[in-house]
Amino acid sequence: MLNKSIKELSELLNKKEISSVDLVKETYSQIEKLDQKLHSFITVKDKNIALKEAEGKDKNRKSDSLIIYGLPFAIKDAYVTKDLRTTAGSIILNDYHSPYNATVVEKLAKAGGILIGKNNMDNWGHGASNENTNYEVPHNPWDMERITGGSSGGSAVAVATRMTPFAIGEDTGGSIRNPSSMCNISGLKVTYGRVSRYGAIAYASSLDTVGPMAKSVEDLSYLLEIMAGHDDYDATSSRLPVEKYSKYLSGSIKGKIIGLPKEFFGEGLDPEIKKTVLTAIKVFEKLGAKIIEVSLPHFVYGVSIYYLIALSETSSNLGRYDSFRFGDKRDLFSNESTRRILLGTYALSAGYADKLYKKAQKLRTILIQEYEEALKICDVLLSPVTPSLPSKIGEMISDPLKNLLEDLYTGTVNLVGAPALVIPAGFSEKNLPIGLQIVGKKFSEGELFQFGYLYQQETDWHKRLPTILKNEK
Amino acid sequence: MNKYQVIIGMEVHVELKTNSKMFCGCKNDPFHAEKPNIYTCPVCLGLPGALPVANKRAIEWTVKLGLALGCKINLFSKFDRKHYFYPDLPKGYQISQYDLPFCYDGKVETSFGPVGITRVHLEEDTGKLIHQKVNGRDVSLIDFNRSSVPLIEIVTEPEIYSSAQAKEYAKKLRQIIRYLDISNCDMEKGGMRLEANISLQSHPKGVQIQTGHPKGVRLPNYKVELKNINSFRFLERGIEYEIERQKEILEAGKTPDQETRGFNAEKGITYSQRSKESAEDYRYFPDPDLPPIRFDDKWFGEIKSSVPELLDEVFSRWEKDYKVDRKIVELLFETTEEAKKLDEIFSNLSNQKLPIDKFINTIVNKKLTINLFDKNAEEIINIYKKSVQVDDVSDEDLKKIITKVVSLNPKAVGDLKAGKVQSINFLVGQVMCKAKKKIEFSRLVRLIQSSIK
């Protein structure tokens, strides 16, 4: 059942062919069956409580109930929840219970979603492999020896293995896109300000975004309709009206221009990924889009700018975890987080801020202008998601620099604040998933959905099930 | 002749009396809270995931104060994070303003000369630490009712040259703030906190600096920060003490330590709190959670028009139109609303050709106890008129009573004749008592004196 789309599930529920109780049961049976090996969850809600909620939904379902009414869902453990503890993947918050719910949690709950658990992540979002969690390292369902990508790795695994119809991730420099690509699901990094950040444990406040992760672009579009919108509790949330994104799931991209930033296909890119993405482009050509090459000259500084800003902000954001009032002692910060806090502190310090933080801010402005210029010529930009295929667990955690470089193609999009959609685009020789990234103008999520949806009508990559599920059957 | 000149710059913190706190919806009323930590939420407690949203009114009031102090306004401004660790600072940083304060470059006039205002910026207050014994153990408790209360900081140029000027500046600042009705400036509770940076400079060839710091003259290479002063008197005494203390050190050929000092009111001395040899690094950067603030013409116009006639202007107008002495009339009111009320009363009195200075004296000396601000001007004037009204008595009748009083009080009369002027008060009292009437004092004095000649 959980292999079906959100729309199909909703229709079946409305026709009473299935019940929320059935769905929740299946969710738990998948988790019980798989998660001891995969570790996609840090905390799972008590099954009986979830079943009770599902019974309530079945009883109260109305003909005009929202599309996710009665559907189970999971969220990255970066979102505070009243019912379940919130760890942000760090042992420091192992026993932390929030007195309030994040706005996105409230919105989904109000729409009738049933929260079933909180997904694994690199602590505080610090990582691109999910190995930097203080809990069990999650495994990639396509190859148990490999990483899931990160930092929203747990959510990607849960969706890929059908433990949940959808999940909410968080993306600061690629944290939704990178694991979506590595686990063969669809994920959206929204325009900065499109979805409220209230209740999202901050990694880097000017880059953090809240986005959906699901099996298809169609599902993502329905989810964004529910999640997006202004929030009085988030001063950076946009007042632009929320569109009906699902209306973009049709039409044509004929004549639209796709830009390929040449810097995204340069040195460091795995040849298999390059080949896969270039093959995917042919599908868009077939759909009538025009492909041109563009250039973002300052892109070479992208990773440096991204990390100087992200780490400066994180050094500030994590100051509150001083264990005075909640949480455990500061010496429990992981090596990776300590490294990031120290780098950020350094970048903001007197005598260095001018050369590091402030310079990065100036370059960020230049980068924004370059993206804007490119997006004046093109409708969207298309690129790989990560420079490399999922590595073996243990490889990346011992190579911090490689970990940072995983954000090469994704991090600059956060600096710009633009939306980016990641969709499955093929597989490597070793059957490892490869995604592609489509970047649009700010608040053009609808257009991205159109590109993604039409692509998924032409291809079936996103329907392929991970090895671990096939083995079961 | 005094060899040293004291140079003082002041920093004053004032809590605004907005309904809600600076970055959340919590009630802003730390002084009247029944219990600690009742006016708190995830935002002012700095809990994971919480985000600040700026209080628009607090921003408007800061600009309003800036305009009242003659400041220039940054029409594009922002909030910054100021980092330091302290248990009363829940986020590990204070949201403040660094390089783009809302207001800059103003001044406050004092009788010693003008004091330049460097900047006025808006920030959030911290929680409050309470050190006490619980079950026999020394503990530190934190009360977050005050956490994130809007706090204005007003910084002056190092242009204050005496303790008396410092005191006058601070008092005048409080008067202006209360007049704008944006803070109660409760000094005792910490609603207004004074800090003075004090250093001594030896005179170049004995020339005394009068007003304004001459450009190009270098400030002393040290400064002592006198912190957390909660009364004007302590400010004056603390500065006086510092002048003497620093003079002694300089006389001995040494330089006073760069440090923060507190004032012990009981002993009347200052004491070292913290060395400040190296500048602290607060790692300021723009708070990414709060979009920058742009004042468009409409908004700025609205704030501008909310600024009342400036206090100095009100006083000089009253002096010109009504011959009213600022030093006395300022005892009568605080806020703009109250000043407007006085204006109405004065103009009514003036129309009726009643002497305004007498009215003010009557109220200030409490010869008439009346709340000027809960009745309309006409009522107040009627009450006042009644209170000063004299009864109609003929000189004939009065003289009869006076003769009687004089004969009954030979001692007082004798004293008066002998030059003891106070005796007249007693005799006047006796006459009024006997007459059971209200009679003009000077008239009685005249009649008594002529009767005993």
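Note: hydrogens, waters and symmetry copies are ignored here, and every other heavy atom, side chains too, is used. Protein chains get the first letters and strands the later ones, always in sequence-line order, with residue 1 at the start of each.
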Open item on the list: Give me the atom names and distance for the closest heavy-atom approach of B:Val53 to A:Asp232.
Closed with: CG2-O, 3.3 Å
- [ ] Start with the C-alpha gap between A:Ser349 and B:Arg283, add the side-chain angles, then the distance that decides, and say whether side-chain contact (heavy atoms from CB on, under 4.5 Å) holds.
- [x] CA-CA 5 Å; A:Ser349 293; B:Arg283 306 197 314 280; 3.8 Å; yes
- [ ] Quick one: closest heavy-atom pair of A:Pro99 and B:Leu47, and the distance?
- [x] CG-CD1, 3.5 Å
Open item on the list: How long is the straight-line distance from OG1 of A:Thr236 back to CG of B:Leu51, given to the nearest 0.5 Å?
Closed with: 6.5 Å
Open item on the list: Please classify the contact between A:Tyr321 and chain B as side chain, backbone, both or neither, with a heavy-atom cut-off of under 4.5 Å.
Closed with: side chain
Open item on the list: I'd like to check A:Tyr233 versus B:Pro42 (side-chain heavy atoms, cut-off strictly below 4.5 Å). Are they in contact?
Closed with: no
TODO: Give a yes or no on whether B:Tyr98 atom OH has more than 12 heavy-atom contacts from other residues, nucleotides or ligands under 6.0 Å away.
DONE: no
- [ ] Please check if atom NZ in B:Lys27 has more than 12 non-hydrogen atoms from other residues, nucleotides or ligands closer than 6.0 Å.
- [x] no
Task: B:Lys128 atom NZ: more than 12 heavy-atom contacts under 6.0 Å - done: no
TODO: Can you establish whether the number of heavy atoms outside B:Tyr282 located under 6.0 Å from its atom OH is more than 12?
DONE: yes
Open item on the list: Taking B:Leu45's backbone N and O only, do any of them form a donor-acceptor pair with A:Arg325's side chain (distance below 3.5 Å, no angle check)?
Closed with: yes
Open item on the list: Distance to the ring centre below 6.0 angstrom and angle to the axis at most 45 degrees; does that hold for A:Arg320 and B:Phe85?
Closed with: no
- [ ] Could you tell me which portion of A:Tyr96 (side chain, backbone, both or neither) has an atom closer than 4.5 angstrom to a non-hydrogen atom of chain B?
- [x] side chain
- [ ] Please state whether the side chain, the backbone, both or neither of B:Asp281 comes within less than 4.5 Å of a heavy atom of chain A.
- [x] side chain
Open item on the list: Less than 4.5 Å to any heavy atom of chain A: does that hold for the side chain of B:Phe144, its backbone, both, or neither?
Closed with: side chain
- [ ] Check whether more than 12 heavy atoms from other residues, nucleotides or ligands sit under 6.0 Å from atom CZ of B:Arg57, and answer yes or no.
- [x] no
Open item on the list: Please classify the contact of A:Ala200 with chain B as side chain, backbone, both or neither, using a heavy-atom distance under 4.5 Å.
Closed with: backbone
TODO: Give the minimum heavy-atom separation between B:Arg81 and A:Glu313, together with the two atoms involved.
DONE: NH1-O, 4.3 Å
Open item on the list: Need one label for A:Thr86: side chain, backbone, both or neither, based on atoms under 4.5 Å from any heavy atom in chain B.
Closed with: neither
Task: Partner chain B: residue of A:Ser205, A:Ser315, A:Ser206 with the largest heavy-atom pair count (under 4.5 Å) - done: A:Ser205
Task: Heavy-atom closest pair, residues A:Tyr100 and B:Ala50 - done: OH-N, 3.0 Å
Task: Greatest number of heavy atom pairs closer than 4.5 Å to chain B - which of A:Asp322, A:Leu207, A:Asn317 - done: A:Asn317
- [ ] Count the heavy atoms of every other residue, nucleotide or ligand shown that sit under 6.0 Å from CZ of B:Phe31, and state whether that count exceeds 12.
- [x] yes
Open item on the list: Taking OH in A:Tyr352 as the centre, count heavy atoms belonging to other residues, nucleotides or ligands within less than 6.0 Å. Is the count above 12?
Closed with: no
- [ ] Evaluate the side-chain contact (heavy atoms from CB on, under 4.5 Å) criterion for residues A:Lys358 and B:Phe285: first the C-alpha distance (whole Å), next the side-chain angles of each, then the deciding distance (0.1 Å), finally the verdict.
- [x] CA-CA 9 Å; A:Lys358 286 182 192 161; B:Phe285 79 97; over 6 Å; no
Task: Contact origin within A:Tyr346 toward chain B - heavy atom pairs under 4.5 Å - done: neither
Task: side-chain contact (heavy atoms from CB on, under 4.5 Å) between A:Tyr198 and B:Val43, intermediate numbers included - done: CA-CA 10 Å; A:Tyr198 191 68; B:Val43 179; 3.9 Å; yes
Task: Interface residue of largest heavy-atom contact number with chain A, from B:Pro286, B:Cys41, B:Gly46, under 4.5 Å - done: B:Gly46
Task: Residues, nucleotides or ligands: over 12 heavy atoms within 6.0 Å of B:Asn19 CG - done: no
